Chemist: 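Structure provided below as structure tokens; questions to follow.
In this text, all values refer to a predicted model and were calculated from it rather than measured experimentally. All chains are named by letter (A, B, ...) in the order of the sequence lines, taking the proteins before the strands, and each is independently numbered beginning at 1. Keep in mind that the numbers below use all heavy atoms, side chains included, and drop hydrogens, waters and symmetry copies.
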Number of protein chains: 2
Amino acid sequence: MAVTDEAIEKIKGMIVSGALRPGDRLPKESELAADLGLSRNSLREAVRALSLIRILDVRQGDGTYVTSLDPQLLLEALSFVVDFHRDDTVLEFLAVRRILEPAATAMAALRISEQQLDALTAQLDKLGDAPSVEDLVACDLEFHRGIVQSSGNSVLCSLLDGLSGPTTRARIWRGLTQEDAVARTLREHRAILGALRDRDAEAARSWSTVHIASVEQWLRSTL
Amino acid sequence: MAVTDEAIEKIKGMIVSGALRPGDRLPKESELAADLGLSRNSLREAVRALSLIRILDVRQGDGTYVTSLDPQLLLEALSFVVDFHRDDTVLEFLAVRRILEPAATAMAALRISEQQLDALTAQLDKLGDAPSVEDLVACDLEFHRGIVQSSGNSVLCSLLDGLSGPTTRARIWRGLTQEDAVARTLREHRAILGALRDRDAEAARSWSTVHIASVEQWLRSTL
DNA sequence: ATGACCTGATACGTCGGAGGTCTTGAGCGA
DNA sequence: TCGCTCAAGACCTCCGACGTATCAGGTCAT
């Protein structure tokens, strides 16, 4: 195994074992390199790799620190990976989202606060009746993010955030080519919000499923 | 932005745009570094980072290639990230798994082949009535993996694979401390398999939920 | 003619050192 | 006390050199 890979494993080990805790500062490059028995150049490769997936936070002029290791932060790296997937796997991502999002919406129905409900309502109202497709999709992302956050599960939230990225393009494409897509989306958002207000988890789940399934169905018929 | 980060973005761009396709070979380090306008050392940091998350495959003496970019391969990197999470987020991972796995099991009920069913049966038979906890957990992972693979969604499969890692330790712990855990797990596995044989998606889903919920409930009461 | 073996070219792996840039905090003056 | 200056510390980038692994092509014995 290459010395750089060893260094990655050793640093990972130090964190997992608890020798390095979130927020801790690592020894400076030259010292750490000496400790691990490799050159500064090779160590930098290891640090850079761990930095890309948000394990380490490197600050020029200051030092290198262990990140908070929050699920939210670490799963952000997921979206980077997801970006590489080609269109032929979008359907599989969408299928996973179709499983997760209705469940998250149902969970949110039992936990969401009145303030959150009001905020979501205001958001929909602000958009108006005939928004541009770009505005709609942006609002769509925000709307679903707000709901999923109310599910109270940060792992679930981050995961859906990462998965939503690749389907965004598809939704824009749909909005541009399918006439009633905009009106339909607005209608379904209102329905989901209504179910949340009623604290009706099953209705919220169903509307969420319908919402995603319509995108899925359109995409399947188009590809 | 640092030159290395720029290089990461540029290489990513080349792949996403299609200029580099899966399996393609990159120019050699010195040339690519010159093309992107940075030193070989800095470029190597970028390549190493992309290599960690399985975007690039570096072969000494040969060259650097774009991987297949299969969801399975790319989501392997997820388990690396998940390893860093501490026990206090295990419950959130488990909650997500509780959503995904029953759905995957239900999907599998409609698609699983007779050969797969026989293989799963053989696997359970081989384990016997009183396996060691380690064997049981290993078999448990294999059992669920086999089922999820039959769901036909590779993204779902890889995701669950990544999420199952952190809960493994918890399950071992449980097996060691809760008396009837082993027998209960064996019983539930048989039940899931039976539902799959009957092509009863709803029964499969329910048994799967019960199976995971029992771990979740125990964990919640213990922490 | 065929196979194993050797060898050179090629490309990645590692290293040490030299400047450069940014952040931080101590020290100084108003 | 507040704000500014500046030097130390740490990361950033680069260069050049050498080590090591792989592959292709040629050589030689069978």
Chemist: Can you find a donor-acceptor N/O pair under 3.5 angstrom joining the side chain of A:Gln60 to the base of C:dT23?
Modeler: no

Chemist: Please state how far atom CG in B:Asp57 lies from atom C1' in C:dG13, giving the value in whole angstrom units.
Modeler: 15 Å

Chemist: Among C:dG13, C:dT14, D:dT13, which is the nearest nucleotide to the side chain of A:Ser39?
Modeler: C:dT14

Chemist: Is there a side-chain contact between B:Arg40 and the phosphate of C:dT14, meaning an N or O under 4.0 Å from OP1 or OP2?
Modeler: no

Chemist: Are the side chains of B:Leu73 and B:Leu69 in touch, meaning some heavy atoms are under 4.5 Å apart?
Modeler: no

Chemist: Take B:Arg25 and A:Asn41, find for each the nucleotide of DNA chain C with the closest heavy atom, and name the residue whose nucleotide sits nearer the 5' end.
Modeler: B:Arg25

Chemist: Determine whether more than 12 heavy atoms belonging to other residues, nucleotides or ligands lie under 6.0 Å from atom CD of B:Gln72.
Modeler: no

Chemist: Write down the distance between CG (A:Leu43) and P (C:dG13), rounded to a whole number of angstrom.
Modeler: 16 Å

Chemist: For A:Leu36 and C:dT14, what is the distance between atoms CG and P respectively, to the nearest whole Å?
Modeler: 13 Å

Chemist: Is the phosphate of C:dC15 approached by A:Ser42 (side-chain N or O, under 4.0 Å from OP1 or OP2)?
Modeler: yes

Chemist: Does any non-hydrogen side-chain atom of A:His144 lie less than 4.5 Å from one of A:His211?
Modeler: yes

Chemist: Select from B:Gly63 and A:Gly37 the residue whose nearest nucleotide in DNA chain C is closer to the 5' end of that strand.
Modeler: B:Gly63

Chemist: Take A:Arg44 and B:Asp62, find for each the nucleotide of DNA chain D with the closest heavy atom, and name the residue whose nucleotide sits nearer the 5' end.
Modeler: A:Arg44

Chemist: Measure from CG on A:Leu38 to P on C:dG17 and round the result to the nearest Å.
Modeler: 15 Å

Chemist: OP1 or OP2 of D:dC12 less than 4.0 angstrom from a side-chain nitrogen or oxygen of B:Thr4, does that happen here?
Modeler: no

Chemist: I need the CG-C1' distance between B:Leu32 and C:dA11, as an integer number of Å.
Modeler: 13 Å

Chemist: Contact class for B:Ser30 (heavy atom, under 4.0 Å): base, sugar-phosphate, or nothing?
Modeler: nothing

Chemist: What is the separation between atom CG on B:Leu26 and atom C1' on C:dA11, rounded to the nearest whole Å?
Modeler: 13 Å

Chemist: Whole-Å distance between C:dG13 P and B:Arg48 CZ?
Modeler: 6 Å

Chemist: Once you round it to whole Å, what is the distance between C1' of D:dC12 and CD of B:Glu6?
Modeler: 13 Å

Chemist: Quick check on D:dC11: is either OP1 or OP2 less than 4.0 Å from any side-chain nitrogen or oxygen of A:Thr64?
Modeler: yes

Chemist: Less than 3.5 Å apart, any donor N or O on the side chain of B:Thr64 or B:Glu29 sitting next to an acceptor on the other?
Modeler: no

Chemist: Is the shortest heavy-atom distance from the side chain of B:His189 to the side chain of B:Asp140 under 4.5 Å?
Modeler: yes

